[in-house]
Amino acid sequence: MIRPTELAAGMCAGLFGRRVTGPRWDGTRLSWVDTERQRVQLGRMTTLGPRHIATLVVEGSPTAALPAVGGWVLGGDPAFLRRDGRLVPLDLPRSDGLWCDPAGRLWLTADDALHRIDLTGRPHRVLDGPTQALAWSPDTRRMYRVCGGGLLVHEFDLANGTPGAARPLVSAARGVAVDVDGFAWVAGGNSVRRVDHTGVAYTIVRLPGATAVDCCFAGATMLITTDDGAVHACATSTRGLPSVRWTGLPASGRTAAPGFP
C-alpha cells in the first residue's frame with residue numbers, strides 16, 4: 001500500500017485580487033482574473049514566488065483569461081484582449097470555461113456542453129453535460145475532464161481532437177492539472193492530490209479550513225485557488241507544462257479584428 005507524501009501550501013500574497021480565479025502560466029508570465037473588480041492581472045515567477053506586474057481593466061465580467069498569441073482570450077463575454085489593452089469582441093459563445101489542447105485548438109463550455117473550435121474556426125459540439133476543468137497528458141494520449149463532481153479520463157485522438165470513452169478516475173474533483181511525468185493533480189475538498197492513471201494518490205497537499213476549486217503549475221510551483229477566491233502556493237518535486245497558447249481564429253473568419261492578432 002502506498003503512503004502518500006504530504007506537502008504544505010501557504011497563502012500566496014503575490015497574486016493580487018479580491019477574488020482570484022483561473023491562474024494560467026504560459027512559460028513566461030502568469031495571468032489570472034479578479035472577478036470582483038473585473039480585471040485581468042499579470043504576473044511572473046520569481047525566486048520569492050509569483051509577483052504581480054500589471055493590471056488590465058476590461059469591460060464586462062471576465063471569467064477566465066486564456067493565453068493566446070498576442071494576448072488573451074476572455075471567458076464570459078467573449079473577447080480577445082491584446083497586450084496593449086485593446087479589447088476585440090469575438091464571435092464565440094459565452095463561456096465560463098476555456099482551455100487550449102496541445103494542438104492549439106480552443107475548447108469551451110456553452111449550452112451545457114463541451115465545444116471544440118477547430119483551427120479553421122469551425123465549432124463542434126463534442127460532449128454533453130457541464131465541464132468544470134480540462135487537462136491533457138504530456139504524451140497527448142489522454143484528456144482529463146472534471147464533470148459532475150468527479151474526474152474522468154478519456155483516450156484522446158490529437159489529430160482529430162476527439163475524446164474516446166470516459167473512465168472514472170477520482171470521485172470528488174473541482175479542478176485538475178497534469179505534471180511532466182503524466183500524473184494528474186486533482187483539486188477537491190480540502191486538498192490537492194497527485195494521482196496515477198488508476199487514481200492512486202502519491203502526494204497530498206493539505207488545505208486546512210479551505211476548499212480547493214482549481215490548480216495550475218507555474219514551473220515547479222503549484223498554485224491552488226480556493227472557494228473564497230484566495231490562492232495558495234506549494235513547492236513540488238516535479239514540474240508542469242506551460243499552457244498552450246491559442247493561435248486565434250483565421251484572419252478571414254469570425255472576428256471584427258482584421259488579421260486576428
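Computed from heavy atoms alone, side chains included, the values below leave out hydrogens, waters and symmetry copies.
In plain terms, the two heavy atoms of Gln41 and Ala54 that are nearest each other are OE1-O, 3.5 Å. Summarising the geometry of Leu108 relative to Leu98, their closest heavy-atom pair is CB-CD2, 3.8 Å, with the distance given to 0.1 Å. Contact detail for Cys147 and Pro130: the closest heavy-atom pair is CB-O, 3.0 Å.
At a cut-off of 3.5 Å, with distance as the only test, no side-chain donor of Asp118 or Thr120 sits close to an acceptor on the other residue.
Side-chain contacts under 4.5 Å among hydrophobic residues (ILVMFWY), followed directly or transitively, place Leu151 together with Tyr144, Val146, Val153, Leu169, Val170, Val176, Val178, Val186, Val195. Apart from Leu119 itself, the hydrophobic cluster it occupies contains nothing, where clustering links Ile, Leu, Val, Met, Phe, Trp and Tyr at side-chain heavy-atom distances under 4.5 Å. Hydrophobic cluster membership of Trp99, counting Ile, Leu, Val, Met, Phe, Trp and Tyr whose side-chain heavy atoms lie under 4.5 Å apart directly or via other members: Trp107, Leu114, Val126, Leu127, Leu134, Trp136, Met143, Phe156, Leu158.
Legend: side chain to side chain donor-acceptor pair (under 3.5 Å) pairs involving residues 205-216, not counting sequence neighbours, sorted by first then second residue: Glu6-Arg206. The stretch residues 166-218 participates, sequence neighbours left out, in these ring-ring contact (aromatic ring centres under 6.0 Å, His included) pairs: Phe183-Tyr202, Trp185-Phe217. For residues 165-174, no pair satisfies side chain to side chain donor-acceptor pair (under 3.5 Å), with sequence neighbours left out. For the side chain to side chain donor-acceptor pair (under 3.5 Å) condition, the pairs that include at least one residue of residues 228-237, sequence neighbours left out, are Thr226-Asp228. Listed by first and then second residue, the ring-ring contact (aromatic ring centres under 6.0 Å, His included) pairs involving residues 49-72 are Phe16-His52 (not counting sequence neighbours).
Side-chain atoms of Thr46 come within 3.5 Å of backbone atoms of Leu48 as a donor-acceptor pair (strictly under, hydrogens ignored). Judged purely by atom type and a 3.5 angstrom limit, Thr63 uses its side chain to pair as donor or acceptor with the backbone of Gly76.
With hydrophobic clusters built from ILVMFWY side chains whose heavy atoms lie under 4.5 angstrom apart, Val20 shares a cluster with Leu30. Val73 and Leu87 fall into different hydrophobic clusters, where Ile, Leu, Val, Met, Phe, Trp and Tyr are joined by side-chain heavy atoms under 4.5 Å apart, directly or via other members. Leu42 and Val231 are assigned to two separate hydrophobic clusters, defined by single-linkage of ILVMFWY side chains at heavy-atom distances under 4.5 Å. Note on Met45: it clusters hydrophobically with Trp32, by side-chain heavy-atom contacts below 4.5 Å among ILVMFWY residues. Connection of Leu223 to Leu7 is not established within any shared hydrophobic cluster, with ILVMFWY side chains joined at heavy-atom distances below 4.5 Å, either directly or through further cluster members.
Scored by the side-chain hydrogen bond (donor to acceptor under 3.5 Å, both in side chains) test, Thr109 finds Ser95 as partners (sequence neighbours excluded). Judged as a salt bridge (Lys or Arg N to Asp or Glu O under 4.0 Å), and not counting sequence neighbours, Asp111 has no contacts. Arg145 is linked by a salt bridge (Lys or Arg N to Asp or Glu O under 4.0 Å) to nothing, counting only residues two or more places apart in sequence or in another chain. By the salt bridge (Lys or Arg N to Asp or Glu O under 4.0 Å) test, Arg44 pairs with no residue at all, sequence neighbours left out.
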- Query: Arg82 and Asp84: salt bridge (Lys or Arg N to Asp or Glu O under 4.0 Å), yes or no, with the steps?
  - Reply: CA-CA 5 Å; Arg82 297 168 56 110; Asp84 61 7; 3.5 Å; yes
- Any chance you could lay out the salt bridge (Lys or Arg N to Asp or Glu O under 4.0 Å) test for Arg94 and Asp77, step after step, and finish with the verdict? CA-CA 5 Å; Arg94 181 180 175 84; Asp77 296 323; 2.5 Å; yes
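Of the candidates Ser31, Cys216, Pro242, Cys100, Arg24 forms a side-chain contact (heavy atoms from CB on, under 4.5 Å) with just one, namely Ser31.
Counting heavy atoms from C-beta outward, Thr21 and Arg19 have side chains that stay 4.5 Å or more apart.
Remark: Asp34 does not engage Arg39 in a salt bridge, criterion side-chain N to carboxylate O under 4.0 Å.
Within 6.0 Å of CZ in Arg141 there are 12 or fewer heavy atoms belonging to other residues, nucleotides or ligands.
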